[in-house]
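Reading through the structure tokens given below for one structure.
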Amino acid sequence: MGIVGQSLVLFAVLISGAIGYLVANDIPIFSEADPTAIYGEWVEQGVPSYAADSFEVRKDGIYIKGARTTSHYEYTGSKLIYTVGNNTYLYTVEDRNTLQREKPYHYSTPFTKR
């Protein structure tokens, strides 16, 4: 195999690695997530109603108990991420009505859309 063949193999390996990285990290390649799919109030499940966490996602930010706690959040179509103070919250989209809290790490719990 000459230098041209080796260059083509190296190029193919680099492209495959880049695509693998994007897929493994849920980085959207060709489509943009529709943020309206995540809008609404989300309520923690599996705990007594008086102890359940809840939050609302709106176009202009994340609201907790009616007050905007952050104006910046990221929605990729499969993950919702936002930060309040020193805490980063990460939710994985299970389906259109269920989010699974992954961070903070103290416990993982489902949230459903009200």
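Atoms considered below: every heavy atom in the structure, side chains included; atoms not considered: hydrogens, waters and symmetry mates.
- Between F55 and Y82, the ring planes are tilted. Angles from 30° to 60° get that label.
- Residues Q100 and S108 have side chains in contact (heavy-atom distance under 4.5 Å, counting atoms from C-beta outward).
- When atom types are taken as modelled, the side chain of Y75 and the backbone of T36 share no donor-acceptor pair closer than 3.5 angstrom.
- Closest approach of D53 and F111 over heavy atoms only: O-CE2, 3.5 Å.
- For N97, there are no side-chain hydrogen bond (donor to acceptor under 3.5 Å, both in side chains) partners two or more places apart in sequence or in a different chain.
- Screening E41, E94, Q45 for a side-chain contact (heavy atoms from CB on, under 4.5 Å) involving T112 leaves a single residue, Q45.
- Remark: T109 OG1 to R101 CZ distance equals 6.0 Å, nearest 0.5 Å.
- From W42, atom CH2 reaches atom CD of E56 across 11.5 Å, with rounding to the nearest 0.5 Å.
- In plain terms, the two heavy atoms of A33 and G77 that are nearest each other are CB-N, 3.4 Å.
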task: I would like to know whether V93 and L99 meet side chain to side chain contact (heavy atoms under 4.5 Å, CB included); could you show each step before the answer?
output: CA-CA 5 Å; V93 176; L99 298 176; 3.7 Å; yes
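- Between A52 and V43, the shortest heavy-atom distance links the atoms CB-CG1, 4.3 Å.
- When atom types are taken as modelled, the side chain of K113 and the backbone of Y39 share a donor-acceptor pair closer than 3.5 angstrom.
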task: Applying side chain to side chain contact (heavy atoms under 4.5 Å, CB included), run through K103 and Y89 and close with a yes or a no.
output: CA-CA 5 Å; K103 286 184 182 178; Y89 294 86; 5.9 Å; no
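- In the hydrophobic clustering of ILVMFWY residues, with side-chain heavy atoms under 4.5 Å counting as a link, F11 and I3 come out apart.
- Side-chain atoms of T70 never come within 3.5 Å of backbone atoms of V84 as a donor-acceptor pair (strictly under, hydrogens ignored).
- Taken to the nearest 0.5 Å, the OG1 atom of T92 stands 4.0 Å off from the CD atom of E102.
- Residues Y63 and I38 do not share a hydrophobic cluster, clusters being chains of Ile/Leu/Val/Met/Phe/Trp/Tyr side chains in contact below 4.5 Å.
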